[in-house]
A.B. asks: 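Provided herewith is a single structure, encoded as structure tokens, for subsequent inquiry.
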There are 2 protein chains.
Amino acid sequence: MDNLNIGRHISGQFNEDLENVINHVMHMGGLVEKQLSDSLKAVYENDKELAQKVLASDYKINNLEVSIDDECTRIIAKRQPAAGDLRLIMAVIKTIADLERIGDEAEKIAQVALESFDSKQQDLLMNLDNLGRAVLQLLQQTLDAFTRMDVDAAIELHKADKNIDRNYDALMRQLMTYMMEDPRSIPSVMSVIWSARAIERIGDRCQNVCEYIIYFVKGKVVRHTSPDDM
Amino acid sequence: MDNLNIGRHISGQFNEDLENVINHVMHMGGLVEKQLSDSLKAVYENDKELAQKVLASDYKINNLEVSIDDECTRIIAKRQPAAGDLRLIMAVIKTIADLERIGDEAEKIAQVALESFDSKQQDLLMNLDNLGRAVLQLLQQTLDAFTRMDVDAAIELHKADKNIDRNYDALMRQLMTYMMEDPRSIPSVMSVIWSARAIERIGDRCQNVCEYIIYFVKGKVVRHTSPDDM
């Protein structure tokens, strides 16, 4: 947590508050990562039991979002943070909102595992899995950058989402062709499409978290900024 | 702004800060509403010029989000609000994030207007338009509830999203059947599907704003709460 500089506060209690909130975000991030990796595994191995487990576990992430949000509001009211401390709290509030939504997207992915696919359609699931693994790695690296408040990593990861988008577009073209060649497959291919969309959205949400890291460290809002200007 | 009670602060400057920020949110809401209604009109009338205008105007909403967000952080640092005032600022910060994303969804809808549809497919666009008008009304009512911080309206509107979801599901089934009957139509029907999805997402984001209204007035987080418990 180099960039966090939490130890510098005169009030030991304030240090503890900030350390706690960051630890809770890391715990939440770990849960979200597990939900995503379980949902991908459930789809790839067509493991309906694991998919049900993912669907039944989302409430934990929701509860964490509410409690961390509450924690942040209490810190603002009690400690009246300014400058970097306030930016940190703001970055946390926004990050947990995106993490919670990544949890929702993982649920959507898990739902695909509840369907049945014939052997030919298994190929589509393999390509979906490749996209999913790339996004899972992006999420892991983003959470890692958040923990260290590593602005250089955040900028690199922000750019990396472009590759995900490119692979997503290629997969979409493949899925469309598949439907056109075999219209009976449309319902099951559509569920793969929703799942691919959910994966792509997770990439966008990782980008958001990278923007909050940059905001905290640099004090600059980079949302809606082109990659080159960043 | 009955529930806002802005006039009660001893500091006249604080009153002015809060009034300004609410006015800016209302201005942003007005722009978002206009973007949505223009994008629906562009699709319905196949008006490519209007669609381009929507795509070219999104930056205004983005800029407003950044500036209101900044305004809120400055109010927290300078005025150290507590209790209801702090909840109001928090509700604003979250609301503008959802409004900005509604703007993004309007862009996605406008993109459909750039495609060409044959006369048979025009039927699909009409059903899309019905869904779009219902969501536009929901957005207008949600912004209205926000302006008055009307918690009863917020609870009713939160429930109303269910109707949107039902109509969305019906439209999706219709679009899937359409693709299965005429596989050559898949690329253009898919663009209608993305647009319908964007409309449905706007309904969800209106629900979020209703939750922030309830949070501000009641001091209670109702996210992830079932409609009956609300």
Side-chain angles (χ1 to χ4, degrees), chain A residues 58-67 69-70 72-83 85-87 89-91 93-94 97-98 100-101 103-104 172-173 175-187 189-191 193-194 197 201 204 208 215 219-225, chain B residues 58-67 69-70 72-83 85-87 89-91 93-94 97-98 100-101 103-104 172-173 175-187 189-191 193-194 197 201 204 208 215 219-225:
Chain A
D58 188 54
Y59 78 95
K60 293 181 199 163
I61 293 173
N62 295 348
N63 289 350
L64 269 172
E65 189 213 356
V66 173
S67 75
D69 202 71
D70 191 46
C72 288
T73 314
R74 272 185 289 120
I75 294 178
I76 293 177
K78 222 167 66 178
R79 309 277 169 207
Q80 304 172 343
D85 297 330
L86 182 53
R87 284 206 309 276
I89 301 287
M90 289 299 167
I93 289 176
K94 291 177 186 205
D98 277 290
E100 189 270 326
R101 266 95 195 234
D104 291 345
M172 271 309 152
R173 278 193 299 274
L175 292 167
M176 297 251 270
T177 310
Y178 197 95
M179 289 196 288
M180 290 170 84
E181 282 168 1
D182 178 12
R184 283 162 314 159
S185 73
I186 288 177
V189 175
M190 276 308 293
S191 80
I193 285 182
W194 293 130
R197 180 72 160 195
R201 296 293 298 135
D204 293 343
N208 293 347
Y215 164 75
K220 239 181 100 78
V221 177
V222 290
R223 296 198 59 184
H224 323 302
T225 307
Chain B
D58 187 54
Y59 79 95
K60 293 180 199 163
I61 293 172
N62 296 347
N63 289 351
L64 269 172
E65 189 212 356
V66 172
S67 76
D69 202 71
D70 191 45
C72 288
T73 315
R74 271 185 289 120
I75 293 178
I76 293 177
K78 222 169 61 178
R79 308 275 169 208
Q80 305 173 341
D85 296 331
L86 182 52
R87 285 207 307 276
I89 302 286
M90 289 299 166
I93 289 175
K94 292 177 185 203
D98 278 290
E100 189 270 326
R101 265 96 194 234
D104 291 346
M172 269 311 152
R173 279 192 299 273
L175 292 167
M176 296 251 271
T177 310
Y178 197 95
M179 288 197 289
M180 289 171 86
E181 282 169 1
D182 178 12
R184 284 162 314 160
S185 74
I186 288 177
V189 175
M190 276 308 293
S191 80
I193 284 182
W194 293 129
R197 180 74 160 193
R201 297 291 299 135
D204 294 344
N208 293 347
Y215 164 74
K220 240 183 101 75
V221 177
V222 291
R223 295 198 60 186
H224 322 303
T225 308

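Only heavy atoms go into these numbers, but all of them, side chains included; no hydrogens, no water, no symmetry mates. Throughout, a chain's letter reflects where its sequence line sits, starting with A, and its residues are numbered from 1.
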A.B. asks: Among A:Met90, A:Met190, A:Lys78, which residue has the highest count of heavy-atom pairs closer than 4.5 Å to chain B?
C.D. replies: A:Met190

A.B. asks: Using a heavy-atom cutoff of under 4.5 Å, enumerate the residues of residues 178-186 of chain B that contact chain A, numbered in order, or state 'none'.
C.D. replies: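 Heavy-atom contacts from residues 178-186 of chain B to chain A are B:Met179, B:Met180, B:Pro183, B:Arg184, B:Ile186.
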
A.B. asks: Most heavy-atom pairs under 4.5 angstrom with chain A, which of B:Asn63, B:Asp69, B:Asn62?
C.D. replies: B:Asn62

A.B. asks: At what distance, to the nearest 0.5 angstrom, does CZ of B:Arg79 lie from CD of A:Gln80?
C.D. replies: 13.5 Å

A.B. asks: Under a 4.0 Å N-O cut-off, is there an ion pair linking A:Arg101 with B:Asp204?
C.D. replies: no

A.B. asks: Against chain A, label B:Asn208 side chain, backbone, both or neither, depending on which of its atoms sit under 4.5 Å from a heavy atom there.
C.D. replies: side chain

A.B. asks: For A:Lys94, is it the side chain, the backbone, both, or neither that has a heavy atom closer than 4.5 Å to a heavy atom of chain B?
C.D. replies: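 For A:Lys94, the contact with chain B is made by the side chain alone.
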
A.B. asks: Let me confirm one number: the CD1-CD1 distance from A:Ile89 to B:Ile76, rounded to the nearest 0.5 Å.
C.D. replies: 10.0 Å

A.B. asks: Side chain, backbone, both or neither: which part of B:Arg87 has a non-hydrogen atom closer than 4.5 Å to chain A?
C.D. replies: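 B:Arg87 has no heavy atom closer than 4.5 Å to chain A.
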
A.B. asks: Below 4.5 Å from any heavy atom of chain A, which atoms of B:Ile93 appear? Answer side chain, backbone, both or neither.
C.D. replies: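 For B:Ile93, the side chain is the part near chain A, not the backbone.
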
A.B. asks: Measuring from atom CG of B:Leu86 to atom CZ of A:Arg74, what distance do you get when rounded to the nearest 0.5 angstrom?
C.D. replies: 12.0 Å

